[in-house]
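Proteins come first, then strands; the chains are lettered A, B, ... in the order of their sequence lines, and each starts at number 1.
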Amino acid sequence: MRRQYPFQLFEPKWQELWHNGEIFRSWNPGESAPAGHPFRKRHQSAAPERIPKYYILDMFPYPSGAGLHVGHPEGYTATDILARYKRMRGFNVLHPMGWDAFGLPAEQYAIKTGQHPRITTEANVANFKRQIQSLGFSYDWSREVDTTDPQYFRWTQWIFLQLYNSWFNPETSKAEPIETLDYPADISTEEQKRSWLDSHRLAYVSEAPVNWCPELGTVLANEEVKDGVSEVGGFPVVRRPMRQWMLRITAYSQRLLDDLDAIEWSDSLKEMQRNWIGRSEGAEVIFKVKGLDAEIAVFTTRPDTLFGATYMVVSPESDLIDVIVKDENLLEVQTYQAESSKKSDLERTDLAKEKSGVFTGAYALNPVNGRLLPIWTADYVLAGYGTGAIMAVPAHDLRDLEFAEKFELPIEVVVQAPKGEESLGFSGEGFAVNSDFLDGLPTLEAKSRIIDWLEEKELGARTINFKLRDWLFSRQRYWGEPFPIVWDDGGHNALDETDLPVLPPDLTDFKPTGSGDPPLARAQEWCQVEEGVVREVNTMPQWAGSCWYYLRYLDATNGRKFVGESAEKYWMGTSNDEATPGVDLYVGGTEHAVLHLLYARFWHKALFDLGYVSSPEPFYKLVNQGLILGEDGQKMSKSRGNVVNPDDILDEFGADALRLYEMFMGPLEMVKPWNTKGVEGVYRFLGRVWRMFIDEKTEKTFEQQFTLSPEKGSELLAELKISVDVVDIDPTQEQMKVLHTCIKKVTEDMENLRFNTAISALMVFVNEASSWDLRPLSVMKDFLLLLVPFAPHIAEELYSKANNQEGSIAYYPWPIFDEKHLVETSIEMAVQVNGKVRDRLQVPTDIDSIKIEELALNSENVKRHIEEKKVKKVIVISGKLVNIVAV
RNA sequence: GCCAGUGUGGCGGAAUUGGUAGACGCGGCGGAUUCAAAAUCCGCUUCUUUCACGAGAGUGUGGGUUCGAGUCCCUCCACUGGUACCA
């Protein structure tokens with residue numbers, strides 16, 4: 001496509017000017033912009049803390065070797081537009097960027113080549129930074145963070161220490177320093193005390209079965225495993241007991257759930273988090289085992305069906321089995337246990353269709369009626385949820401029903417389904433039947449009645465269960481944060497804050513050791529701190545660095561604290577009643593719905609409890625940008641060959657056009673396909689803007705000269721003159737109306753992040769204005785101010801020419817909409833007969849409804865349609881339409 | 001299966017509280033300009049029917065509420081995302 005305007009000249013020019021002048025640096029309390037800085041010009045000498053803040057955050061990228069794809073700039077452009085808009089509205093805007101640079105690809109590349117992952121990471125960061133900067137985003141680069149920088153991760157390690165040195169007090173529902181934890185009376189020895197503390201810390205060591213991924217050579221968190229395979233790479237995952245670091249996120253289950261109500265996230269995202277946390281209310285019921293001094297506790301959400309329990313199931317991993325199993329069943333049970341332990345999660349899911357299990361030979365007694373219930377073991381009961389055992393009510397649970405049918409166990413209906421529905425297999429709410437004192441009660445009442453009964457007899461209690469599991473926090477990797485932990489005599493100790501950062505050792509071989517230890521174990525000297533004291537050789541997962549990066553931005557170079565107090569108070573919002581607590585707007589992909597966003601909320605809450613941050617939630621408002629698909633409507637991927645590289649688009653159409661197109665495609669949150677023709681469309685629009693301002697003659701000269709001697713580009717650019725049609729005259733009423741219609745629409749859309757329709761309003765203005773013979777300078781300048789957030793380079797360039805000035809307009813006040821310019825003297829109204837438009841009338845705005853009715857009934861088109869009918873009713877909606885009802 | 005979301009021209013999408021469906025852009029058609037082409041500028045472009053004026057249909061399906069429904073209520077269908085023996 002033919003070049004519409006010389007973006008290749010002025011885009012880099014303005015980017016350099018913004019960079020050199022630190023135009024987009026944001027100011028912390030106590031700082032002030034230098035004289036001559038546009039921020040200073042706008043706000044005079046007002047202290048930053050007196051200016052309302054606006055913190056607008058992007059999810060920082062993992063700098064992959066592939067570079068930016070067109071999905072990245074979608075979110076970044078949206079936040080940039082808003083950041084620029086908010087500056088013009090007079091806010092002190094914080095808009096930073098950084099790198100989530102620990103991660104698997106760099107490590108795998110290192111294993112293959114022996115090259116240190118730092119080298120790959122640095123190269124990738126440089127490439128990402130170049131690409132991001134070429135789009136003209138208004139980031140404050142003085143606050144850039146990199147999670148792999150020791151000056152950054154020393155604070156990641158420091159936060160880990162805070163978690164390690166805290167416990168969750170159930171009385172206050174808050175994290176507190178471990179020193180406040182009291183010892184129970186029966187604890188006396190040092191060893192007992194230590195283990196008491198260790199079992200209460202927010203960061204603790206566990207021996208439980210974990211998700212082990214042999215292909216990746218590391219363990220994974222529950223959140224990182226989908227359908228039995230790793231989320232990264234899709235490799236099989238098996239359960240295997242290992243000693244690992246865990247974070248006690250489950251302590252926060254209820255708060256993580258409750259506080260969702262106080263933040264502005266999309267319903268679907270909140271729902272995903274709610275489902276993941278998975279709260280369910282019910283009861284724990286205790287069953288006695290016949291002939292033994294043993295009990296089985298089960299969790300159920302349907303205690304009202306207790307009378308319908310006909311057997312019990314214990315998970316094959318349960319310790320109870322050894323206690324209850326009868327000799328004659330022992331062999332069969334052990335064989336079954338061995339089989340299910342060998343199965344990977346994937347196999348267990350695959351085999352889900354067909355139930356399996358064996359009888360243990362033992363019986364339990366149903367506490368309500370003394371009925372004998374055979375106890376089975378089956379892998380459809382999970383060890384990790386509830387108590388790892390269930391009472392089976394086959395009549396009202398599909399899984400129990402399937403199992404009972406297969407093994408011919410009794411089935412008893414105890415809930416009457418509503419009319420028209422089959423009671424057998426019904427798992428909804430109905431009425432209790434065959435249940436003695438519950439009979440006739442609706443499900444809800446039956447539940448509460450039976451729980452009261454159980455509590456009275458001390459056979460059970462009201463309970464709440466969560467699906468959320470503690471966070472498996474250690475990985476067998478090289479390229480991650482080392483733990484600030486050392487071991488002696490099998491016990492762990494925290495390092496002192498003054499020992500931070502703990503740097504990883506230099507290695508040349510990044511594979512795990514032959515004996516299966518993590519790669520850090522290769523550095524024997526590093527591991528050995530002193531006689532009998534060795535370092536922890538696991539590293540933290542990639543999520544660690546992203547759990548708090550938004551806090552480091554607030555005070556990125558602070559060498560004494562992870563974030564300074566005044567900066568934290570100002571930007572996270574408690575210094576001023578008007579301010580939003582937390583990040584004002586966070587934009588990013590939906591792939592982090594349950595990983596990063598849950599982990600970060602958890603860390604933030606712990607830091608909040610310990611008094612380090614002042615808002616209970618980190619991200620007040622969150623928006624997920626929709627995926628951008630390839631031109632063929634498929635997900636972009638190398639193998640499909642439908643990947644669009646932003647560098648190519650930038651070369652051909654420039655940054656402004658790319659930015660504008662990314663926003664014009666459709667609503668930010670929607671999935672939408674890429675279409676390069678669409679880029680051409682917005683590029684043409686910007687070309688029309690350019691030609692509306694620039695004198696045709698000098699433009700022609702420029703074209704010729706520039707072709708001959710491209711090296712003189714910047715001089716030639718300066719020679720371009722403003723068109724003689726753009727003149728300093730008073731605008732007409734009509735022109736003011738066009739302008740203010742545009743101001744109104746763009747401003748409203750901006751506040752609601754509807755950038756696609758804002759851009760279409762700008763296009764409407766240009767379509768109108770290009771038909772004007774003379775274009776009033778004041779109107780055209782206001783238009784450019786509306787354009788700045790979207791296409792900042794061309795807007796700056798044209799404004800500086802039109803106003804004959806140098807310097808940025810980034811802090812110029814946003815044009816203010818004035819209703820008076822939209823006042824009309826006459827208006828078009830539609831006339832409907834029985835809801836169908838038959839005519840349109842041009843009427844004065846102050847006309848009364850009787851007059852309108854008369855006009856409408858006299859219209860020739862209307863008469864034709866009501867001829868042989870009787871007018872029953874006439875409805876007049878003033879300013880809009882008239883509807884004549886005739887039969 | 002369950003939970004959430006989305007269905008509007010050839011395509012991306014507009015329609016802010018129930019009030020003129022299809023803004024804006026892409027694509028297509030026609031014209032101006034040009035030796036010619038590109039670029040640019042102007043016009044038309046939901047479908048059916050009509051020479052035309054017009055008429056009829058139309059927002060996934062079927063129904064309902066209303067003077068009036070893309071918008072509200074119910075049924076079903078399709079697609080997308082999440083989740084899945086969670087008792």
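The neighbour count for A:Asn752 CG, taken as heavy atoms of other residues, nucleotides or ligands under 6.0 Å away, is above 12. Crowding of A:Glu696 atom CD: a count of heavy atoms from other residues, nucleotides or ligands under 6.0 Å not exceeding 12. In A:Lys635, the NZ atom is not crowded: 12 or fewer heavy atoms of neighbouring residues, nucleotides or ligands sit closer than 6.0 Å.
Searching all strands for a Watson-Crick or G-U wobble partner of B:G43 with both distances below 3.5 Å returns B:C29. With a cut-off of 3.5 Å on both Watson-Crick or G-U wobble distances, the partner of B:C72 is given as B:G64. Across all strands shown, B:U80 forms a Watson-Crick or G-U wobble pair with B:A4, both key distances being under 3.5 Å. Nucleotide B:G12 is matched to B:C24 when pairs are restricted to Watson-Crick or G-U wobble geometry with both distances under 3.5 angstrom. Pair assignment for B:U34: none, as no Watson-Crick or G-U wobble contacts are both less than 3.5 Å. Across every strand in view, B:C51 sits unpaired, with no contact that passes the Watson-Crick or G-U test at under 3.5 angstrom.
Of the candidate nucleotides B:A14, B:G19, B:A55, B:A55 has the atom lying nearest to any side-chain atom of A:His865. Nearest to the side-chain atoms of A:Pro667 among the listed nucleotides B:A84, B:C85, B:G13 stands B:G13. Candidate nucleotides B:C3, B:A87, B:A57 were compared by shortest atom distance to the side chain of A:Glu271, and B:C3 ranks first. Here the nucleotide nearest the side chain of A:Ile875, chosen from B:C67, B:A87, B:A4, is B:C67. Distance from the side chain of A:Lys745 is smallest for B:U16 among the nucleotides B:U16, B:A87, B:C24. Across B:G19, B:A87, B:G56, the shortest atom-to-atom separation from the side chain of A:Arg838 is found for B:G56. Candidate nucleotides B:C67, B:C24, B:U40 were compared by shortest atom distance to the side chain of A:Arg691, and B:U40 ranks first. Ranking B:G13, B:U83, B:G56 by closeness to the A:Asn756 side chain, first place goes to B:G13. Checking B:G13, B:C3, B:G19 against the side-chain heavy atoms of A:Asn275 singles out B:C3 as nearest. When each of B:C24, B:G12, B:G68 is scored by its nearest atom to the side-chain atoms of A:Asn883, the top-ranked nucleotide is B:G68.
No donor-acceptor contact under 3.5 angstrom links the side chains of A:Trp265 and A:Gln273, judged on distance only. Checked by atom type, the side-chain pair A:Asp400/A:Tyr380 shows a donor-acceptor distance below 3.5 Å. A:Tyr599 and A:Glu223 share a side-chain donor-acceptor pair at under 3.5 Å.
Comparing the C1' positions of B:U75 and B:C67 gives an interatomic distance of 26 Å, to the nearest angstrom. Going from the P atom of B:U6 to that of B:A14 covers 12 Å, rounded to whole Å. The separation of B:C3 from B:U48, taken at their C1' atoms, amounts to 42 Å, rounded to a whole angstrom. Atom name C1', nucleotides B:C41 and B:U34: the rounded distance is 13 Å, in whole Å. Rounded to a whole angstrom, the distance from the C1' atom of B:C42 to that of B:U33 is 11 Å. To the nearest whole angstrom, the two C1' atoms, one in B:A32 and one in B:A39, are 14 Å apart. On the P atoms, B:C77 is 15 Å away from B:G62, given to the nearest whole Å. Spacing of C1' atoms, B:A78 relative to B:U59, comes out at 16 Å, to the nearest Å.
Atom P of nucleotide B:G19 and atom CD1 of A:Ile827 are separated by 15 Å, given to the nearest angstrom. In this structure, A:Glu405 atom CD and B:C85 atom P are separated by 20 Å, rounded to whole Å. If you measure from atom CD1 of A:Ile694 to atom P of B:U40, you get 17 Å, rounded to the nearest angstrom. Taking atom CZ on A:Arg302 and atom P on B:C85, their separation rounds to 21 Å, with Å as the unit. Summarising the geometry, the separation between CG on A:Leu468 and P on B:A84 is reported as 13 Å, rounded to the nearest angstrom. Rounded to whole Å, the distance from CE on A:Met272 to P on B:A4 is 12 Å. B:C26 atom C1' lies 9 Å from atom OH of A:Tyr661, rounded to whole Å. Whole-Å rounding puts the A:Glu223 CD to B:A84 P distance at 11 Å.
Nucleic acid contact class of A:Lys226 (heavy atoms, under 4.0 Å, all strands): sugar-phosphate only. Residue contacts for A:Asn767: at a heavy-atom cut-off of 4.0 Å it reaches the sugar-phosphate backbone alone, with no base atom in range. Across all strands shown, A:Ser280 has heavy atoms under 4.0 Å from sugar-phosphate atoms exclusively, and none from any base. Within the 4.0 angstrom heavy-atom criterion, no nucleotide atom of any strand lies near A:Lys744. At the heavy-atom level, A:Ser268 lies under 4.0 Å from the strands shown only through sugar-phosphate atoms. Contact annotation for A:Arg279: no contact, since no heavy-atom pair falls under 4.0 Å across all strands.
Checked by distance alone, A:Lys355 brings a side-chain donor or acceptor within 3.5 Å of a matching partner on the base of B:C85.
Each of A:Gly678 and A:Val837 lies near RNA chain B, and the nucleotide nearest A:Val837 is the one positioned closer to the 5' end. Both A:Ser760 and A:Lys873 sit near RNA chain B, but only A:Ser760 has its closest nucleotide nearer the 5' end.
Ion pairing of A:Glu703 with A:Lys700 is absent here, as no side-chain N (NZ or NE/NH1/NH2) approaches a carboxylate O to less than 4.0 Å. With salt bridges taken as basic N to acidic carboxylate O contacts below 4.0 Å, one links A:Lys672 and A:Glu74.
B:G9 has its base syn relative to the sugar, with a glycosidic angle deviating from 0 by at most 90°.
Note on A:Arg684: a side-chain N or O is less than 4.0 Å away from OP1 or OP2 of B:G27. Taking only side-chain nitrogens and oxygens, A:Lys836 comes nearer than 4.0 Å to OP1 or OP2 of B:A57. Residue A:Gln4 places at least one side-chain N or O under 4.0 Å from the OP1 or OP2 atom of B:U40. An OP1 or OP2 oxygen of B:C41 is reached within less than 4.0 angstrom by a side-chain nitrogen or oxygen of A:Arg688. Side-chain nitrogen and oxygen atoms of A:Lys677 include at least one within less than 4.0 Å of the OP1 or OP2 phosphate oxygen of B:G27.
Judged by the 6.0 Å distance and 45° axis criteria, A:Arg601 is not positioned over the aromatic ring of A:Trp276.
When each of A:Pro316, A:Ser318, A:Ser315 is tested with A:Gln337 by the rule side chain to side chain contact (heavy atoms under 4.5 Å, CB included), just one qualifies, namely A:Pro316.
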